[in-house]
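Computed from a predicted model, the values in this text were never measured in an experiment.
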Amino acid sequence: WNDTAAVVSGESVLGLFEAQVRRAPDVVAVRCEDVVFTYGELDARANRLARYLMALGVGVESRVALCLPRGVDMVAALLGVWKAGAAYVPVDPEYPAERVAYLLADSGAGCVLAQRESAGRLLADVSDVEVVWLDDAGVALDIDGLDASAPDAPRHADGLA
């Protein structure tokens, strides 16, 4: 009646994404309103962000909070966190400040990726977690100046990510 068995590869979501990048780097991967990234562009952006995070000390078993609005930046950030070997903690910028503070403390996130435009008021008083403002011109230049090739971060199937 409900024979839905399917063979599932042991590949991670990140591994499947990277395989798609190799197969079709020029195909549109993500679109949000008028912003469009191909698989190659999305991969390069995620790789640069991963290198930036790794330089901050993010690595295997680290937790990075994403306090970003839905869109291409959130997708690139999620992939960048995974490429650094870390796990992401979703934090909706629409949450009340008390909820955000609780999520950051409870998750043990050591870093938050955010945009001042959407989360500046929420994270203004956060002092025990490093906040990376992705819409800060200096941070954007630092990230854009990094190598776009895949970083050499350890990954294992039973890791937190």
R99 to Y102, cation-pi by 6.0 Å centre distance and 45° axis angle: no
Side-chain touch P69/Q115, heavy atoms, less than 4.5 angstrom: yes
Separation of Y39 OH from R23 CZ (nearest 0.5 Å): 8.5 Å
Nearest heavy-atom neighbours spanning A29 and L42: CB-CD2, 4.1 Å
Non-hydrogen side-chain atoms of E130 and V112 separated by less than 4.5 Å: no
Close side-chain approach of L113 and C67, heavy atoms under 4.5 Å: no
Side chain to side chain, M54 and P151, heavy atoms closer than 4.5 Å: yes
Between CG on residue L68 and CG on residue L78, distance to nearest 0.5 Å: 10.0 Å
Ion pair D43/K83, N-O distance below 4.0 Å: yes
Residues in side chain to side chain donor-acceptor pair (under 3.5 Å) contact with S12, at least two apart in sequence or another chain: none
D73 and V35, any side-chain heavy atoms less than 4.5 Å apart: no
Pairwise side-chain contact, L53 with C111, heavy-atom cut-off 4.5 Å (strictly under): yes
Approximate separation, where rounding is to 0.5 Å, of F17 CZ and L79 CG: 5.0 Å
Any side-chain heavy-atom pair of V139 and Y52 under 4.5 Å: yes
Sidechain N-carboxylate O distance under 4.0 Å for R45, D144: no
Ring geometry between W82 and Y88 (parallel below 30°, tilted from 30 to 60°, perpendicular above 60°): perpendicular
